[in-house]
2 protein chains.
Amino acid sequence: MQEKRRTNIQRSEATRSMLVAAARRLFIAHGYADTSTPDISEEAGVSRGALYHQFADKRALFEAVITSEAEAVAWEIERATPEHNNGNAHLITGAQAYLQAMGKEGRCRLLLVDGPTVLGPAQMRSIDGQSGATTLVNGLREIAPGADIDRLAASADLLSAAFDRAALAIDQGGAKDVYEAAVIELIETVAERLSAD
Amino acid sequence: MQEKRRTNIQRSEATRSMLVAAARRLFIAHGYADTSTPDISEEAGVSRGALYHQFADKRALFEAVITSEAEAVAWEIERATPEHNNGNAHLITGAQAYLQAMGKEGRCRLLLVDGPTVLGPAQMRSIDGQSGATTLVNGLREIAPGADIDRLAASADLLSAAFDRAALAIDQGGAKDVYEAAVIELIETVAERLSAD
DNA sequence: TATAAAAATATACAGGCTGTTTGTATGCAA
DNA sequence: TTGCATACAAACAGCCTGTATATTTTTATA
């Protein structure tokens, strides 16, 4: 019984994905600060040396976890929002898909709590940049074509903060239906106001 | 030239306040994780033993910093919002005061970034409990006396998340007037909708 | 006031963690 | 096949946190 013969690329991809998966589990369970690299490498079944060969440091591994998680959320939202859908309804569908996606175990902690602290708010914005903010601001532009773009971006930012808070509140045990209703009402209210120009 | 003779209570209060002030400076400058207890005790001019005598651990010292900062914000808001002011205008004044207060160097990092990670969202809520959420939900109740209380609380939560995001965005270099205008418009929009019942 | 007890502060220590360095094995290319 | 690059493993150095021990300062009491 001999070892499988693998190409270097396969080896690297295998250990990287093992490490990211293990790190994800432990970061979710104990948080970034209370997860050690010995714990991670053990959980992944590789040596600590392998970890530091594949990733510059613990932060870089965390960044890989966060990026993967943000992509998953973006993809789930994209899948749930048909292109042809227009304005108002489109935003609501997207928000619901976002809340649904953020319901997955640990995502709130990763993306909304630990992420901003470890990577900083600026880098977090750039990571889920396309997904959250841009989509939202485009949705608002569709509703209020005449509005000032900076002002619209600010409103989109505030709205997305409200979505984040709703996701977090639900994650912490808040009533999902209540928060989802509040989010939808908020969107409708803002859309109504914007289209009244 | 001999040391001043002080009572134990004075000694403790002096070192505690030195430690909290030093910790506050370093937590703001480098973040919680990258601030060590040797750094803090040196900056405060006391030994590390004194730190661990006055506070159970590093987290407890951080909690003291956070509590003090949250109290300062609450106090500044209270000072800026006269009691007799009614409904809508009251909320706007409060929000402006909040943004003003959060403009102080490092407060956003402490209260909005590191705080939730180190102490957890739940404890953070309980610390600035009175200030943020309760005031807001009371303001909304005044506007919409008939509305469901849970629903109102959720809306207040989402609004306060928007305020937080605005403060953070301004702190990160965003245009203060734009975000402040967006916040005010958001309040007016929500208030309008609520009072239309 | 003299002295014992208690409180506050200082120092020394024990484990653990991060990132680096050094060494080894495996894949790759000439 | 031979030399090099890549992936991995193990050992090391420095730092940090929290605790245990020792010392100084205050407080209580005789």
Side-chain angles (χ1 to χ4, degrees), chain A residues 1-27 29-66 114 117-120, chain B residues 1-27 29-66 114 117-120:
Chain A
M1 117 163 243
Q2 68 174 16
E3 279 294 327
K4 227 186 307 185
R5 216 180 140 81
R6 294 177 301 174
T7 179
N8 270 350
I9 294 172
Q10 287 173 326
R11 281 216 292 174
S12 284
E13 272 179 8
T15 60
R16 283 180 73 96
S17 83
M18 281 298 181
L19 282 166
V20 169
R24 182 183 175 281
R25 285 193 295 274
L26 296 178
F27 286 151
H30 312 117
Y32 178 82
D34 291 342
T35 300
S36 68
T37 53
D39 289 345
I40 296 171
S41 55
E42 189 187 20
E43 170 94 2
V46 304
S47 79
R48 222 164 68 84
L51 190 162
Y52 275 92
H53 177 73
Q54 297 290 346
F55 298 94
D57 49 18
K58 188 182 163 187
R59 184 186 185 278
L61 174 54
F62 180 76
E63 193 178 328
V65 172
I66 290 292
D114 283 7
T117 300
V118 176
L119 304 180
Chain B
M1 121 164 241
Q2 68 173 20
E3 279 295 326
K4 226 185 306 184
R5 210 180 145 80
R6 293 176 301 174
T7 177
N8 271 349
I9 294 171
Q10 287 173 325
R11 280 216 296 174
S12 285
E13 272 180 7
T15 62
R16 283 181 73 97
S17 84
M18 281 297 178
L19 282 167
V20 168
R24 182 183 175 281
R25 285 193 296 274
L26 296 177
F27 287 152
H30 312 117
Y32 178 83
D34 292 342
T35 301
S36 67
T37 52
D39 289 346
I40 296 171
S41 57
E42 187 186 23
E43 170 94 4
V46 304
S47 79
R48 223 163 66 84
L51 190 162
Y52 276 90
H53 177 72
Q54 297 291 345
F55 298 93
D57 51 18
K58 188 182 164 187
R59 184 185 185 281
L61 174 53
F62 180 75
E63 192 178 330
V65 172
I66 290 292
D114 282 8
T117 300
V118 176
L119 304 180

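Letters A, B, ... mirror the listed sequences (proteins, then strands); counts begin at 1.
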Side-chain-base donor-acceptor pair under 3.5 Å for B:R48 and D:dG18: yes
- request: Determine yes or no for a side-chain-to-main-chain donor-acceptor pair under 3.5 angstrom, with B:S36 supplying the side chain and B:D39 the backbone.
  value: yes
message: For C:dA7 and B:S12 - does any side-chain N or O of the residue sit under 4.0 Å from the phosphate oxygens OP1/OP2?
response: no
query: Taking OP1 and OP2 of C:dA8, is either one under 4.0 Å from a side-chain nitrogen or oxygen of B:Q54?
result: no
field: Listed nucleotide nearest any side-chain atom of A:T7, set D:dA7, D:dT19, C:dC28
entry: C:dC28
field: C:dT9 phosphate, OP1 or OP2, under 4.0 Å from B:H53 side-chain N/O
entry: no
task: Would you indicate which nucleotide in C:dG19, D:dT17, C:dT9 comes nearest to any side-chain atom of B:S47?
output: C:dT9
query: Which one, D:dG18, D:dA9, D:dC8, comes nearest to the side chain of A:V46?
result: D:dA9
query: Is the phosphate of C:dG27, meaning OP1 or OP2, less than 4.0 Å from a side-chain N or O of A:Q10?
result: no
query: If you check every side-chain atom of B:S36, which of D:dT17, D:dA7, C:dG19 has the closest atom?
result: D:dT17
field: Residue-phosphate contact under 4.0 Å: B:T37 side-chain N/O, D:dT17 OP1/OP2
entry: yes
message: Using modelled atom types and a 3.5 Å cut-off, is there a donor and acceptor pairing between side-chain atoms of B:T35 and backbone atoms of B:L26?
response: yes
task: Ignoring backbone atoms, test whether B:T15 places a side-chain nitrogen or oxygen under 4.0 Å from the OP1 or OP2 oxygen of C:dA8.
output: no
statement: With the side chain defined as heavy atoms from C-beta on, A:Y52 is closest, among D:dC8, C:dT18, D:dA9, to C:dT18
- request: Using atom types as modelled and distance alone, determine if a side-chain donor or acceptor of A:R16 lies under 3.5 Å from a backbone N or O of A:Q54.
  value: yes
query: If you look at every strand shown and take non-hydrogen atoms under 4.0 Å, does B:S41 touch a base, only sugar-phosphate, or nothing?
result: nothing
message: For A:Y32 and A:F27, take the angle between the two ring planes, folded into 0 to 90°, and tell me which bin it lands in: parallel under 30, tilted 30 to 60, perpendicular over 60.
response: tilted
